[in-house]
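For ligands, and for the atoms within them, numbers begin at 1 and follow the listed sequence.
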Amino acid sequence: MKIQKTEEILLHSCCGPCAEYPLQQLLAEHYLPTLYYFNPNIQPQVEWQRRYESLAKLSDLMALPLVAVGSAATEQWLALPDQAERCRFCYRLRLEEVARYAKENGFPTFTTTLLVSPYQQRELIVEIGQELADSYGLNFLAADWRPGFRAGQELARTHGLYRQRYCGCIFSLGESSFNEQIRAEHARLEQGMSDRI
Ligand code: SF4
């Protein structure tokens, strides 16, 4: 018997690879996901674009809608008064925009692919997500997708998606052991973009 999908859900998506496993789970649970790409923390802009294109490829492959807004906001991160609080700021900024969009567009529930990553601060994400859900009159799906992180990365490899090696903000790029290699890739991509203009 074919089971009808019953509930729309807005899935904040930080990138293609991290969306793989959550999408499998949501579809298995009969949700109708819409991908929402709002990630001003992904810096510089060339990296924002690269992760967006990877997510757009997945959205095409799975025939799921994708909404993308904003751009890299490096200056906003450089102006933060307390670097120790940068992740709290980052999660709240992104999830608040997702909650706002969900409310305005009739999604009863929202969640985030950040919940698949063992490298993110799950408790803090859930705390902020639930607080925003309460204040916007929505549901926050606090799934624990971390057991599927590796499987999602493998799926991303199969789909030929770009897989990044740093969290996103300019500070996390500086902390990455691949820092120099990534900056060289960015320079090449930027050069390629300017050659096309
Ligand atoms: S390390 Fe990651 S979660 Fe924390 S501020 Fe940077 S991009 Fe955001």
Side-chain angles (χ1 to χ4, degrees), residues 10-22 35-56 58 66-102 110-133 140-150 152-153 156 161-187 189-190:
L10 190 61
L11 176 63
H12 167 252
S13 304
C14 59
C15 62
C18 286
E20 292 270 18
Y21 185 76
L35 304 167
Y36 195 68
Y37 187 77
F38 173 69
N39 298 296
N41 60 309
I42 299 177
Q43 304 155 8
Q45 183 62 26
V46 69
E47 181 74 18
W48 185 99
Q49 184 68 26
R50 202 179 191 190
R51 296 191 199 182
Y52 163 69
E53 285 170 9
S54 152
L55 184 65
L58 183 63
L66 165 63
V67 178
V69 290
S71 58
T74 312
E75 294 306 320
Q76 213 175 340
W77 261 249
L78 291 172
L80 286 175
D82 183 0
Q83 279 306 312
E85 288 294 307
R86 77 182 191 221
C87 297
R88 178 181 288 277
F89 165 82
C90 179
Y91 296 146
R92 174 168 288 282
L93 181 75
R94 289 189 281 170
L95 291 180
E96 176 125 40
E97 165 57 23
V98 182
R100 184 203 63 74
Y101 186 91
F110 70 101
T111 188
T112 173
T113 58
L114 294 168
L115 294 172
V116 80
S117 172
Y119 305 110
Q120 299 292 336
Q121 299 177 46
R122 176 183 166 79
E123 289 76 20
L124 186 53
I125 295 163
V126 170
E127 175 196 317
I128 293 170
Q130 284 175 338
E131 189 187 312
L132 290 167
F140 178 70
L141 182 68
D144 187 356
W145 289 313
R146 291 174 297 181
F149 178 72
R150 295 285 163 216
Q153 295 292 313
L161 303 185
Y162 160 63
R163 289 174 300 135
Q164 67 273 5
R165 287 155 295 165
Y166 70 104
C167 189
C169 67
I170 211 72
F171 300 108
S172 63
L173 173 55
E175 290 158 4
S176 168
S177 42
F178 302 99
N179 180 15
E180 286 183 19
Q181 191 183 336
I182 296 165
R183 287 183 193 275
E185 287 170 17
H186 287 165
L189 287 167
E190 277 164 358

Would you say the ring centers of Phe110 and Tyr101 fall short of 6.0 Å from each other? no

Any side-chain donor paired with an acceptor under 3.5 Å for Glu127 and Tyr91? no

Taken to the nearest 0.5 Å, the spacing of Thr74 OG1 from Gln45 CD works out to 8.0 Å

Looking at side-chain heavy atoms only, is the closest gap between Arg163 and Ser54 below 4.5 Å? no

Provide the number and element of each atom of ligand 1 under 4.0 Å from a heavy atom of Gln120. 3 (S)

Supply the atom-to-atom distance Arg183 CZ to Ser176 OG, rounded to the nearest 0.5 angstrom. 9.5 Å

Are Tyr162 and Glu47 linked by a side-chain donor-acceptor pair shorter than 3.5 Å? yes

Taken by chain and residue number, the protein N/O/S atoms under 2.8 Å from atom 6 (Fe) of ligand 1 read Cys169 SG

